[in-house]
Structure formats: C-alpha cells, structure tokens
Amino acid sequence: MQNTAETGPDDLIDVTHLLDDPYAGYAALRDAGPVHRIAGPDGQPAWLVTRYEDVRCGLSDPRLSLDKCHARSGYRGFSLPPALDANLLNMDPPDHTRVRRLVAKAFTPARVEKLREPVRRLADGLLDAVAEAGRADLMASYAGPLPIVVICDLLGVPERDRPDFRSWTDAMFTPDPARPEQTKEAVGAMMRYYTGLIAAKRTAPGDDLLSDLIMVRDGGTEGAADGGAAPDAGARPDLGADPDAGADRLTEDELTSLAFLLLLAGYENTVHLIGNSVLALLDHPERLRTLRADPAELPKAVEEFARYDGPVSLAIRRFPVEDVEIGGVRVPQGETVLLSLASANRDPHRFPDAGTLDPGRDAGGHLTFGHGIHYCLGAALGRMETETALAALISRFPGLRLDVPRAALRHRRTLRAHGLISLPVAW
C-alpha cells in the first residue's frame, strides 16, 4: 500500500491548470496515479481521486462523511450561516435519510414526467422571444432562464424575485477576485430572502413544494392549503400525508437550508448541462444532424452529454471518519477528499474511447449525478429539462451554429463546476 500521508505543503500538486484544459489535465493525473495530494479549490490541502472505480466506491463509502464536523483542518467551505448550512450536502444518515425522504417524492421520474409538457411550452416561449433576431447568447436567454423558471415554479418563488438568483449564484461559484466581499454579500442576501419567503408562505401558503415543506416543519398532517390548482399541481407531492413519516420533522434551519439547496442545485447544474450539451452538438455537427433526424434518441444522448462534459467537476468534499485506503493510498482521518466526477467519466478503463462524443454509446454508470445514497435528488428533473430544451432548440433552428470563433468561448473559472459563461449562436 502506498503511503503518502506525510506529504508536506511544498509537495502539494498545483492543479490550477485544470481551469484551462480540465480533461487533458485529468488524463495526466489518472495516468500518474489514482490519488494525488493537491491544493484544493480553497487553497487547503486535499486528496484528489481520479479513477472511475475509486471515485464510484468513494461516493458510496460510509466512512467518507459529508459532515464538516469530521474535518480535521477546520474546513469552512462557503462559511454559510447555520440556517443555510443544515442541508443534504452536509449530512450523513440518519439525518440525511430523514430530510431526503421528506422531499424526494417531489422528484420521482413519474412526477417529473408530468412537467414535460409545461417545460416544452416554456422552452418554445423562450425561443419565440429570440427567433426573429437570428442570434442570441443561449446561456443568458435560454439555458439560464429555463431551469430557474421550472424550480421557482415548483417551490413557489414569485416571478419578480427570480432575476436575483443568477447574480447570487455567480457570486458564490465564480466570485470576482477584485471583490472578495462579493460571496459574503450574496450569502447574506440569500439568507434574508429565504427567511422572508418562508415567513410569507407561513402567512399565506400556496400550492407549491415550499408550502408543503413548511407544513411538515410546523407539524401539519395535510398538504399545502388549497389555493387554487396550479397548472402543474399534479406533479407536486402531498408531503405531510406520508403514513410512514411518523414523527419525522424538519428543524427551522433544515427547512431554510433545504429551500436554499433546492433552488441552488435545481438551477445551477441544469443550466450548465444544457449549455455544455448544446456546445457538444455544435462541435460535432454530424451528431447534431443525427439527433435532429431522430429526436427519440435524445434521452440516450443526454446521458452521453452528461458523461462527456458534465456540469459538476468535483463531488461535494468528504472527510474520512477513520484512516481509509483509496487506490492503494492511505488517507488520514479528517482530511479533505475530492472525488473527481469529470475525471472518472473520462476514464478509458470504464468508457472505451472516453474522449469521443458518441450519443449512441451506453453511458449508463456515468457519475455526473453521483452514486449511492447521495445520488442527485433532482437527476430526473435535470435530465428531462435538458432533453426538452435540446429537442425544442434543434427542431426550431436547423441552421444553428456558433456566432463566435470556438476559441473565444470561456468557461467559468472554478474547479468545482464546468460551465460556459456565454454561448453566442446564430441560425
């Protein structure tokens, strides 16, 4: 067993090159070894896991905790206040099991499928708005607005409040180096917003998921109060009526944190999955022609897009509750472990010719949505939104093409995620 636990700070691998060419960088790291001691996204030491089998096992290993209380280095992440930090990304069982069960029914494949037609109407409306111009930035006018409308409708966020979310998430995930206070300001703004929104829905509950979660928190035994059937009400679960829930409840911090996480994750990752998928098709026009001719292949193709260029580069950090061996390397208790989904999805030992986009391949088993008990709660929703967005786009604009040189495109400067800043296209 290789033991690199004594690696000193001067021996940490600088992985900032992954910002410019992530897949070539991860290929070199995979070839060099399964686990590397690096300077993490926050500059602190971390263990980066690069190979598919090790990443997949790590995602479901109960010895790798999501709870920051196990961090030996005093890891703080975004330094969220407790009312935003008590979310599923920081929980292990049994709290994780309890909280996830209370919300999971909103995101089952059957319930998500009921949203497909409303999402298609939304996609068509967004394309109507830009069709006459003949060109658009798809990130700003299509890939961005579509997921935020869907998740905000589901949670009951008023339309007037939605534009703020893009600026808040940008400030959190890609802060301006010239404004180091920006992230703290965004977190504060979100905290105030969620607190106010929950208070408003306590006074006047709606036909939405957040109102149902408030009812669960407050000890109700029925769903949200009748307020007129929303167009998509059939997709919304009656969370308070689960006979198996017993005494399960949410704390106030868990309620606020859950609202925060659902809006953040339900929006951010889908935006970039749509954008990355469109770019993959524009980079491979023969694949675009094939899918336009046979849109029934889109569900399978979306799995390949998610594998080939997914929106999440690193899984949420984990902390060993005891010394663990990963890929023959001993990782000490309490240190930060980063599981690279992007690297695992391009591992040629799992996906032959992994650097080639092949929408016809069986991409099942890719790790973009995770694996194990922390598998992405909104995976079915993200898949459906991406399928629907691509179907509407490629059928509407057969002449779709990049409107700038390929080299002019820029990705967000973060190791955690992988998404475009803008995607100018014409048709």
Side-chain angles (χ1 to χ4, degrees), residues 47 49 51-71 75 77 80 84-112 209 213 216 237 239 242 244-251 253-255 257-262 264-266 268-270 303 306-307 310-322 324-327 331 333-342 344-345 350 364-383 416-417:
W47 298 85
V49 185
R51 295 178 183 174
Y52 179 89
E53 287 301 330
D54 296 320
V55 172
R56 186 176 185 273
C57 289
L59 289 169
S60 59
D61 190 336
R63 298 173 301 169
L64 298 182
S65 171
L66 269 66
D67 192 330
K68 290 187 297 233
C69 75
H70 295 292
Y75 177 92
L80 296 174
L84 297 183
D85 211 28
N87 63 64
L88 290 168
L89 300 185
N90 296 317
M91 287 182 178
D92 301 321
D95 286 337
H96 175 272
T97 308
R98 170 179 53 84
V99 173
R100 185 179 175 109
R101 183 170 61 200
L102 290 172
V103 72
K105 288 181 290 183
F107 298 98
T108 63
R111 292 188 182 278
V112 165
L209 176 58
L213 290 171
V216 170
L239 296 175
D242 183 357
D244 298 323
D248 284 354
R249 292 286 180 263
L250 295 168
T251 68
D253 283 352
E254 287 171 348
L255 172 63
S257 296
L258 191 53
F260 163 73
L261 177 62
L262 290 173
L264 199 66
E268 185 73 11
N269 293 341
T270 307
E303 296 305 308
R307 180 205 69 81
V312 182
S313 298
L314 298 173
I316 193 71
R317 74 288 171 276
R318 284 157 164 80
F319 309 102
V321 297
E322 60 187 61
V324 297
E325 181 181 334
I326 304 175
V331 178
Q333 176 182 351
E335 299 213 349
T336 302
V337 174
L338 299 174
L339 304 170
S340 175
L341 308 180
N345 284 338
R350 175 59 179 82
H366 72 76
L367 301 177
T368 295
F369 298 114
H371 174 68
I373 65 169
H374 297 289
Y375 186 80
C376 177
L377 191 63
L381 182 60
R383 285 184 170 101
R416 294 184 178 91

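In what follows, every heavy atom counts, from backbone to side chain, and hydrogens, waters and symmetry copies are set aside.
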At what distance, to the nearest 0.5 angstrom, does OG of Ser313 lie from CG of Leu338?
-> 11.0 Å
Please report the closest heavy-atom contact between Gly382 and Thr270, naming both atoms and the distance.
-> CA-OG1, 3.8 Å
Find the distance between CZ (Phe107) and CG (Leu262) and round it off to the nearest 0.5 Å.
-> 5.0 Å
Rounded to the nearest 0.5 Å, how far does OH of Tyr52 lie from SG of Cys57?
-> 9.5 Å
In terms of heavy-atom contacts, Glu335 and Pro320 come closest through O-CD, 2.9 Å
Correct closest heavy-atom pair for Phe369 and Tyr375 would be O-CD1, 3.4 Å
Heavy-atom nearest pair, Leu84 first then Phe260, reads O-CD2, 3.6 Å
Using a 4.5 Å cut-off on heavy atoms from C-beta on, say whether the side chain of Lys68 contacts that of Asn90.
-> yes
Quick one: do Glu303 and Arg383 make a salt bridge, cutoff under 4.0 Å?
-> yes
Without swapping roles, check the side chain of Arg111 against the backbone of Lys105 for a donor-acceptor pair under 3.5 Å.
-> yes
Taking ring pair (Phe, Tyr, Trp, His ring centres under 6.0 Å) as the test, write out the residues that go with His70, two or more places apart.
-> none
Are any non-hydrogen side-chain atoms of Val103 and Leu209 less than 4.5 angstrom apart?
-> yes
Got a second to check how far Arg317's CZ is from Arg416's CZ, nearest 0.5 Å?
-> 9.5 Å
Pro109 and Ala380: which non-hydrogen atoms are nearest, and at how many Å?
-> CA-CB, 4.2 Å
Listed by chain and number, what are the salt bridge (charged side-chain N to carboxylate O under 4.0 Å, His left out) partners of Asp92, not counting sequence neighbours?
-> none
With Val55, the side-chain contact (heavy atoms from CB on, under 4.5 Å) member among Ile326, Leu341, Asn345 = Leu341
To the nearest 0.5 Å, atom CD of Glu254 lies from atom CG of Asn87 at 10.0 Å
Begin from the C-alpha positions of Leu88 and Leu258 and carry the test side chain to side chain contact (heavy atoms under 4.5 Å, CB included) through to its verdict.
-> CA-CA 7 Å; Leu88 290 168; Leu258 191 53; 4.3 Å; yes
Between CG on residue Leu264 and OG on residue Ser257, distance to nearest 0.5 Å | 11.5 Å
Please identify each residue that fulfils salt bridge (charged side-chain N to carboxylate O under 4.0 Å, His left out) with Asp95, with sequence neighbours left out.
-> Arg98
Is the shortest heavy-atom distance from the side chain of Arg318 to the side chain of His374 under 4.5 Å?
-> yes
Do Phe319 and Thr336 come within less than 4.5 Å of each other through their side chains, counting heavy atoms only?
-> yes
CA sep, side-chain torsions, deciding dist, call: Thr368, Asn269, side chain to side chain contact (heavy atoms under 4.5 Å, CB included) | CA-CA 10 Å; Thr368 295; Asn269 293 341; over 6 Å; no
